[in-house]
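What you see below is based on every heavy atom in this structure, not just the backbone, and it leaves out hydrogens, waters and symmetry mates.
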Amino acid sequence: MKTKNIINKIRNIGIIAHIDAGKTTVTERILFYTGRSHKIGEVHDGEAVMDWMLDEQERGITITSAVTTCMWKDCAIQIIDTPGHVDFTIEVERSLRVLDGAVGVFCAVGGVEPQSETVWRQADKYFVPKIAFINKLDRIGANFFGTIAMMKKKLNAEPLIIQIPLGLENKFTGVIDLINMKQIVYSDEAMGETFSTEEIISDYIDQANEYREKLIESVAEYDDEIMEAYLSEISIDKDMLVSAIRKATIDLKLVPVLCGSALKNKGIQPLLDAINLFLPSPVDIPPIKGVNPETKDIIECRADDKEPLAALIFKVSMAEGRKLSYLRIYSGTIKVKEDLYNPARKTKEKITRILRMHANKKERIERAGAGSIVGIVGLKESSTGETLCSIERPVLLEKMEFYEPVISVAVEPKTHADQEKLTNVIEKFTTEDPTLRCKTDEDTGQTILSGMGELHLEIIISRMKREFKTFVNVGKPQVVYRESIEREAEASAVFDKEIAGQRHFGEVTIKLTPLSRGAGVKFVSKLPEGKIPEIFLPAIKKGVLEALENGALTGSPMVDIKATLIDAVYKESIGTELAYTVSASMAVRKAIQNGESFLLDPIMSVEIFVPESFTGDVIGDINSRSGQIESIEHQTGSQVIKASVPLAKMFGYSTSLRSATQGRGTFTMQFSHFDKR
């Protein structure tokens, strides 16, 4: 029982939002008010604790998700501050995979911006309960209720307003707490540490009563006890209301909404209270499920130290040349020098250190239990998305999905010394970042780095120089295309050769069929039973998939194709796996030549914010880039243009937009899908 009580007091949360909504500023205030840091680090000064990388400090953005732990009242809050820029969306994805709750931060001026939608959907995908914090209420143009309306429309969320602002813009002084029916007023002189809780002033009492009524009505829909009290006009006890809100939040029915201004140190302490009150502990969410790798039986991993170990590596960092793996422990405990088992690789791993993380600072601990998020040193082979468990009870947790890169650059070492270091440095980066890919161009011998966007690759090149003193010449960014075929094609191939004194024979016929966009690659066998031994089918599939990795036009991967094995010939004693793999690969390459290949462009979803007077010029420019306008929405003082544009046409767009709008237009862009231009 003691363990459960301790785990009850853990909150694993992520701070998620669009770039520049104030995530890191909110986190810095949380660390200050919980006593975790002794001064407030500002993003604009390059001193934020959670933005510890030099590139983060210079650019004023979060690039890598940082982990820290702090105490608020009787709860241990383990926080992951995630990036807001779309190029680093994998950092958000893998953080949400291991978190129990999230705080969505929204700018009261910008409202629900594009990347806010993306990260919210990512949280929905993993069934993560959320609370919302509407930030920047002191800014000109702040619109609290407008942001609430956008949450309903764009996020399909059910916002539960538990606070309303006390004034707006330069008159914003605090918040009105609708649960306790009090106003919380902050002094501008203090650093937000002191505030007064007072009776609600007469100017706001009617509005507070109105929204308190709406609050109770919303909660009553999900709680019979509240509904009964509400209909009977019985006074509703605060503890009863908090309990009902907590349950509805954890059940993903409601999203409690708070407000404030992190930069002006207003509204953070009530947000901390809300994290404790409404977001789940590891024991409040359903046990994570895995499978036994041998029997395929479903295994439930309960949040309890006494259970067998089940933990997921959600991130690997190669800082300071050492491999540091970030681990979420779902059940059981880990101890220093203990042997763990990786069921995916069927290998044992030994932990040499367990670290409690505070951004890039580390505190050594001897053990960690269920619900913990820790760093561990000593893993040799295990990588991102893999499971660690006890040898006695092997369990495989669901693997993580990673995005495909859409842009690439060629890199060449500047000196012979750089040449020697480059391979090792790139290996470290690709270990750290699953969305970064590297290959050698067979024709030119160049090293090609592929990533999620121009900024993503720019940061990698910058880190090569800063952290590893490796200098490279960088080619112009190139689009990473995909290829597909226009029509059905069929081909046969025979491989019959003697290698090292053994004869290898394989003959197959493959038919390639085009599929709809986004269908990926499929392999099916239509061979009659007994035509060839079953053991050769995996070898044929391997040959097919390898051949589809390089198309006929640019060598890009082939997609949206179904490969059907329609015939094969088997000869006793000389039929081998090697021969069937090679013959399948040859047959596919022939079929590709006959299938009329074409290129698929990465199509980007672009959202452009422009003053109304420049709307026509911007639309004309998008049309000239082969873009398709999807919608134009009016927002206070500006138009929001949504469009789909091929990535190849978007290079240098930020300069064009600035020129066309006298520097007043902004845009965001993220990968949408591959399609024929």
Above 12 or not: heavy atoms from other molecules or residues under 6.0 Å from [atom1] of [X]?
X	atom1	result
K125	NZ	yes
E398	CD	no
K642	NZ	yes
K414	NZ	yes
F127	CZ	no
N156	CG	no

Side chain to side chain contact (heavy atoms under 4.5 Å, CB included) involving [X] - partner list, sequence neighbours excluded:
X	value
V479	Y481, P602, L647, A648, F651
T384	R94, V316, M400, F402, P434
Q628	none

Can you tell me how far the [atom1] atom of [X] sits from the [atom2] atom of [Y], to the nearest 0.5 Å?
X	Y	atom1	atom2	result
F674	S484	CZ	OG	12.0 Å
L578	T581	CG	OG1	6.5 Å
K465	I461	NZ	CD1	7.5 Å
H504	F495	NE2	CZ	7.0 Å

(request) Taking side chain to side chain donor-acceptor pair (under 3.5 Å) as the test, write out the residues that go with S644, two or more places apart. (result)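 Per chain and number, S644 pairs via side chain to side chain donor-acceptor pair (under 3.5 Å) with E630.
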(request) Could you tell me which residues satisfy side chain to side chain donor-acceptor pair (under 3.5 Å) with D124, sequence neighbours excluded, listed by chain and number? (result)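 Expected list: K130.
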(message) Would K315 pass as a cation-pi partner of Y326, given that its NZ or CZ must be under 6.0 Å from the six-membered ring centre and within 45 degrees of the axis?
(response)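 Judged by the rule (NZ or CZ under 6.0 Å from the ring centre, within 45° of its axis), K315 counts as positioned above Y326.
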(message) A cation-pi test, strictly: NZ or CZ of K421 under 6.0 Å from the centre of the six-membered ring of F468 and no more than 45 degrees from its axis. Yes or no?
(response)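 Here K421 fails the 6.0 Å and 45° test against F468.
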Okay, side chain of [X], backbone of [Y]: is any donor-acceptor separation there less than 3.5 Å?
X	Y	answer
D601	I603	no
T430	E427	yes
S462	E458	no
E349	S382	yes
E507	S492	no
R517	D675	no
D560	G518	yes
S408	I448	no
S585	V582	no
R328	L312	no

Write down the atom of [X], the atom of [Y], and the distance for their closest heavy-atom approach.
X	Y	answer
I540	A584	O-CB, 3.5 Å
V521	L545	CG1-CD2, 3.8 Å
M586	A493	CB-CB, 3.6 Å
Q639	H634	OE1-CA, 3.4 Å
G111	M150	CA-SD, 3.8 Å
L397	T387	N-OG1, 3.0 Å

With the side chain counted from C-beta on, respond yes when [X] and [Y] share a heavy-atom pair under 4.5 Å apart, and no when they do not.
X	Y	answer
L527	I566	no
V411	N473	no
E534	L537	yes
E412	L422	no
M650	Y653	yes
L657	V610	yes
F314	R97	no
L512	V588	yes

(request) Could you go through the salt bridge (Lys or Arg N to Asp or Glu O under 4.0 Å) check for E386 and R345 one step at a time? (result) CA-CA 9 Å; E386 293 179 355; R345 297 177 185 262; 2.8 Å; yes
(request) For a side-chain hydrogen bond (donor to acceptor under 3.5 Å, both in side chains) with T513, tell me which candidate from E488, R487, K562 qualifies. (result)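 With T513 as partner, side-chain hydrogen bond (donor to acceptor under 3.5 Å, both in side chains) holds for just one option, E488.
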(message) Under the rule for ring-ring contact (aromatic ring centres under 6.0 Å, His included), what residues qualify as partners of F536, not counting sequence neighbours?
(response)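 F536: ring-ring contact (aromatic ring centres under 6.0 Å, His included) contacts with Y570, Y580.
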(request) Take K497 and F505, measure what side-chain contact (heavy atoms from CB on, under 4.5 Å) needs, and give me the verdict at the end. (result) CA-CA 7 Å; K497 278 191 180 173; F505 176 85; over 6 Å; no
(message) Could you walk me through whether T554 and E483 satisfy the side-chain hydrogen bond (donor to acceptor under 3.5 Å, both in side chains) test, starting with their C-alpha distance in whole Å, then the side-chain angles of each, then the deciding distance to 0.1 Å, before giving a yes or no?
(response) CA-CA 8 Å; T554 61; E483 296 182 28; 2.9 Å; yes
Below 4.0 angstrom, N of the basic side chain to O of the carboxylate: do [X] and [Y] qualify?
X	Y	value
K676	E486	yes
D496	R503	yes
D418	K469	no

(request) Starting from the C-alpha separation in whole Å, work towards a yes-or-no answer on side-chain contact (heavy atoms from CB on, under 4.5 Å) for E381 and S383. (result) CA-CA 6 Å; E381 295 180 43; S383 187; over 6 Å; no
(request) Report the C-alpha distance between L388 and I313 in whole Å, list the side-chain angles of each, state the deciding distance to 0.1 Å, and finish with yes or no for side-chain contact (heavy atoms from CB on, under 4.5 Å). (result) CA-CA 8 Å; L388 292 178; I313 302 166; 4.1 Å; yes
(request) Applying salt bridge (Lys or Arg N to Asp or Glu O under 4.0 Å), run through K526 and D567 and close with a yes or a no. (result) CA-CA 8 Å; K526 290 286 177 70; D567 197 14; over 6 Å; no
(message) Using the side chain to side chain contact (heavy atoms under 4.5 Å, CB included) definition, which of the options V409, V480, L457, L436 pairs with S450?
(response)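 Testing S450 for a side chain to side chain contact (heavy atoms under 4.5 Å, CB included) against V409, V480, L457, L436 leaves exactly one candidate, V480.
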(request) Carefully, step by step, assess I510 and T564 under the rule side-chain contact (heavy atoms from CB on, under 4.5 Å). (result) CA-CA 6 Å; I510 303 283; T564 308; over 6 Å; no
